Amino acid sequence: MSAVRTRYAPSPTGYLHIGGAWAAFFDWLFTRHEDGAFILRIEDTDRSRSTQEFEAAILEDFRWLGITWDEGPDVGGPVGPYRQTERAEFYTQYAREMVERGAAYPCYCSEAELDQERQTARAAGKPYRYSGRCRTLTAQQTAALEAEGRRPSLRLRVTNLSEQIVVDDLIRGRVIFEPEHLDDYIIVRSDGSPLYNFANVVDDHLMEITHVIRGSEHLSNTPRQFVMYRALGWTPPAVAHLPTILGQDRKKLSKRHGDTALREYKAQGYLPEAILNFFALMAWHPEGEREIYEVSELIRSFRLEDVGAASPIFDVEKLTWLNGVYMRRAIDTDLDRVVDLCAGILAREGLLTGPLTPNQGQYLGQVIAVVGERLKIGQDIIAYADFFFRDVTYEPAAAAKHFNGASAPLLDAYAGALAALPAFDRASIEAALREVCARARVDARALIHPARVALTGKTAGPGLFELTELLGRERAVDRLRRAAQHAQGVA
RNA sequence: GGCCCCAUCGUCUAGGGGACCAGGACGCGGCCCUCUCAAGGCCGAAACGGGGGUUCGAAUCCCCCUGGGGCCA
């Protein structure tokens with residue numbers, strides 16, 4: 001029994017973003033592969049930016065993706081609480097303990113004084129390291145500084161360290177840090193709040209985390225944390241540093257790159273299984289020369305050692321292609337789900353109001369069936385099928401190309417033919433159109449294209465006869481007549 | 001500025017000394033299908049950053065450079 005325990009520790013200072021979701025997914029895949037426990041811990045020590053709304057949104061986004069957790073702020077667990085703001089007593093307790101053992105000491109240096117040190121170091125062309133001036137304060141000096149009203153921060157005593165710090169990263173291999181680059185760093189601020197590196201170590205230890213899997217931006221923090229584990233007499237967990245997902249400009253993916261919040265993709269009508277499948281293809285590749293994988297397959301074949309160390313660039317086009325694959329599958333196997341997805345998007349666009357009635361749902365299902373494989377993401381329903389839900393607006397280029405003196409009489413004749421049709425089904429509709437063209441001795445395309453613009457306003461979209469049938473006789477005839485007049489006016 | 005990480009087609013990747021004049025996928029181009037678009041099928045262009053080593057043999061191992069990224073300041 002492996003008893004693997006891992007955690008993902010988001011800060012509720014914003015929505016779950018792509019990079020975070022991806023990292024959490026790999027963490028989760030590893031944990032599920034090892035049959036371990038996946039823990040969610042909320043790092044909300046930055047009280048000014050953390051909100052309950054963001055925390056709730058993050059949990060909601062994980063649920064939507066299908067990433068499940070065994071312990072967390074909502075479900076609790078044996079080593080809680082799972083929010084750092086509720087764990088203050090632990091940080092205080094271990095900080096005090098370290099001071100008592102001499103592993104940490106109070107530092108009274110002011111921000112201004114530290115700035116001075118930095119300036120001096122910079123002027124001398126040397127890297128800045130804390131001078132350690134408070135390391136050996138006498139009781140008298142301390143009392144004097146306290147009397148000045150100064151509140152101390154707490155620093156870890158590390159400067160006397162002589163051995164290298166060896167980090168055996170599960171993805172990167174052995175990474176060595178020289179001790180002389182470390183200084184006595186702050187673990188608790190003068191206001192009593194713990195610093196990230198400190199709270200993190202205390203929590204990971206208390207929560208019995210066996211594997212810390214996180215972004216590579218934390219690799220530089222690792223030696224400091226390892227030193228802290230040593231100072232506390234604890235054994236550090238195994239670590240693995242994932243690469244960072246980059247934007248098209250090779251910079252860390254951020255708001256500048258457009259949509260980075262997971263829920264923005266949800267809003268556009270991306271499917272969670274497509275996103276997960278896409279995630280699996282960044283910095284890793286499952287066994288096999290395929291692109292489509294079930295989550296169960298991913299869990300089975302996931303190995304941290306196979307994860308690449310190079311930073312992948314986020315490629316929305318590939319994600320969209322994958323989504324199309326899953327969308328087609330969903331249309332075949334679970335049309336209701338796609339109906340719900342599209343209904344939400346249509347409602348947001350104002351094309352559908354109020355709760356979806358059974359009739360509307362059924363109609364939307366038919367619309368989706370007609371749009372078919374053109375629907376790559378939910379939002380495409382607007383581009384391909386808005387005319388089913390509102391009046392047509394001609395795309396200027398489309399009207400200019402297809403409405404003219406030649407098409408006007410054809411459109412008019414076709415409107416008449418459809419109005420007279422005994423049965424309004426797609427076979428009859430097609431026969432009617434071909435009949436009109438045969439009589440006028442023109443190729444069917446001479447009417448098909450103008451008719452499409454007349455009915456949809458566009459040059460691209462679903463098959464003409466299918467969409468005409470679904471539009472219904474009344475709207476079809478009406479739109480054709482109006483287009484005929486429009487074309488006549490042009491000519 | 002210091003430290004650390006990284007480096008195969010435009011992009012995601014396979015490759016872990018001979019199986020590679022480098023495979024798959026997205027995207028791109030062409031053809032087929034076809035009422036448009038999409039989907040699908042077929043074909044095509046497209047990469048081992050540079051330089052030194054090690055070796056009979058390097059995309060694969062080592063070093064340097066270059067380039068990119070991150071952390072700290």
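Residue numbers start from 1 in every chain, and the chains themselves are labelled A, B, ... in the order their sequence lines are given, proteins ahead of strands. A quick note: this is a predicted structure, and the numbers were derived from the prediction, not measured.
- If you take CD1 of A/Ile292 and C1' of B/rG24, they are 13 Å apart, rounded to a whole angstrom.
- Taking every heavy atom of residues 457-464 of chain A and every atom of RNA chain B, pairs under 4.0 Å involve A/Thr459, A/Ala460, A/Gly461, A/Pro462, A/Gly463, A/Leu464, by number.
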Could you go through residues 272-284 of chain A and list every donor-acceptor pair under 3.5 Å that involves a side-chain atom there, pairing it with any protein atom two or more places apart or in another chain?
{"residue": "A/Glu273", "atom": "OE1", "partner": "A/Arg337", "partner atom": "NH2", "Å": "2.9"}
{"residue": "A/Glu273", "atom": "OE2", "partner": "A/Arg337", "partner atom": "NH1", "Å": "2.8"}
{"residue": "A/Glu273", "atom": "OE2", "partner": "A/Arg337", "partner atom": "NH2", "Å": "3.3"}
{"residue": "A/Asn277", "atom": "OD1", "partner": "A/Tyr293", "partner atom": "N", "Å": "2.9"}
{"residue": "A/Asn277", "atom": "OD1", "partner": "A/Tyr326", "partner atom": "OH", "Å": "2.5"}
{"residue": "A/Asn277", "atom": "ND2", "partner": "A/Glu291", "partner atom": "O", "Å": "2.8"}

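- Here the C1' atom of nucleotide B/rU11 and the CH2 atom of A/Trp321 are 14 Å apart, to the nearest Å.
- The side chain of A/Lys401 contributes no N or O atom lying less than 4.0 Å from OP1 or OP2 of B/rU36.
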Residues 444-454 of chain A side chain polar contacts: donor-acceptor under 3.5 Å, at least two apart:
{"residue": "A/Arg445", "atom": "NE", "partner": "A/Asp443", "partner atom": "OD1", "Å": "3.1"}
{"residue": "A/Arg452", "atom": "NH1", "partner": "A/Pro462", "partner atom": "O", "Å": "2.7"}

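- In this entry the distance linking CE of A/Met282 with P of B/rU11 reads 15 Å, nearest Å.
- Ionic pairing of A/Asp204 and A/Arg41 is present here: one or more N-O contacts between side-chain nitrogen and carboxylate oxygen are shorter than 4.0 angstrom.
- Annotation: of the two residues near RNA chain B, A/Arg374 and A/Leu319, the 5′-most nearest-nucleotide partner is A/Leu319.
- Screening residues 413-441 of chain A for ring-ring contact (aromatic ring centres under 6.0 Å, His included) gives no qualifying pairs among residues at least two apart or on separate chains.
- A/Trp22 is linked by a side-chain hydrogen bond (donor to acceptor under 3.5 Å, both in side chains) to nothing, counting only residues two or more places apart in sequence or in another chain.
- Using a cutoff of 4.0 Å between basic side-chain nitrogens and carboxylate oxygens, A/Glu349 and A/Arg390 are not scored as salt-bridged.
- To the nearest angstrom, P of B/rU36 lies 13 Å from CD of A/Glu466.
- The phosphate of B/rG40 (OP1 or OP2) has a side-chain N or O of A/Arg328 nearer than 4.0 angstrom.
- The side chain of A/Glu217 lies closest to B/rC71, out of B/rC71, B/rG24, B/rC35.
- For A/Tyr270, the ring pair (Phe, Tyr, Trp, His ring centres under 6.0 Å) partners at least two apart in sequence or on another chain are A/Tyr265.
- With sequence neighbours excluded, the residues satisfying ring pair (Phe, Tyr, Trp, His ring centres under 6.0 Å) with A/His205 are A/Trp234.
- Atom CZ in A/Phe465 sits roughly 11 Å away from atom C1' in B/rU36 (whole-Å rounding).
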Check nucleotides 3-10 of chain B for protein N or O atoms closer than 3.5 Å to its own N or O atoms and list the pairs.
{"residue": "B/rC5", "atom": "O2'", "partner": "A/Arg172", "partner atom": "NH1", "Å": "2.2"}

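- The stretch residues 441-451 of chain A comes close to RNA chain B through A/Arg445, A/Ile448, A/His449, each having a heavy atom under 4.0 Å from the strand.
- Residue A/Arg434 places at least one side-chain N or O under 4.0 Å from the OP1 or OP2 atom of B/rC35.
- Applying the salt bridge (charged side-chain N to carboxylate O under 4.0 Å, His left out) test to every pair with at least one member in residues 324-334 of chain A, sequence neighbours left out, gives these pairs: A/Glu294-A/Arg329.
- B/rC65 and B/rG1 have their P atoms separated by 15 Å, given to the nearest Å.
- Among residues two or more places apart in sequence or in another chain, the side-chain hydrogen bond (donor to acceptor under 3.5 Å, both in side chains) test is passed with A/Glu430 by A/Arg434.
- Atom CZ in A/Arg452 sits roughly 16 Å away from atom P in B/rU34 (whole-Å rounding).
- Put simply, CD1 on A/Ile381 is 13 Å from C1' on B/rA38, counting in whole angstrom units.
- Partners of A/Arg441 under the salt bridge (Lys or Arg N to Asp or Glu O under 4.0 Å) rule, at least two apart in sequence or in another chain, do not exist in this structure.
- Taking every heavy atom of both residues into account, A/Arg224 and A/Asn197 meet most closely at CD-ND2, 4.0 Å.
- In this structure, A/Asn277 places its CG atom 13 Å from P of B/rC26, rounding to the nearest Å.
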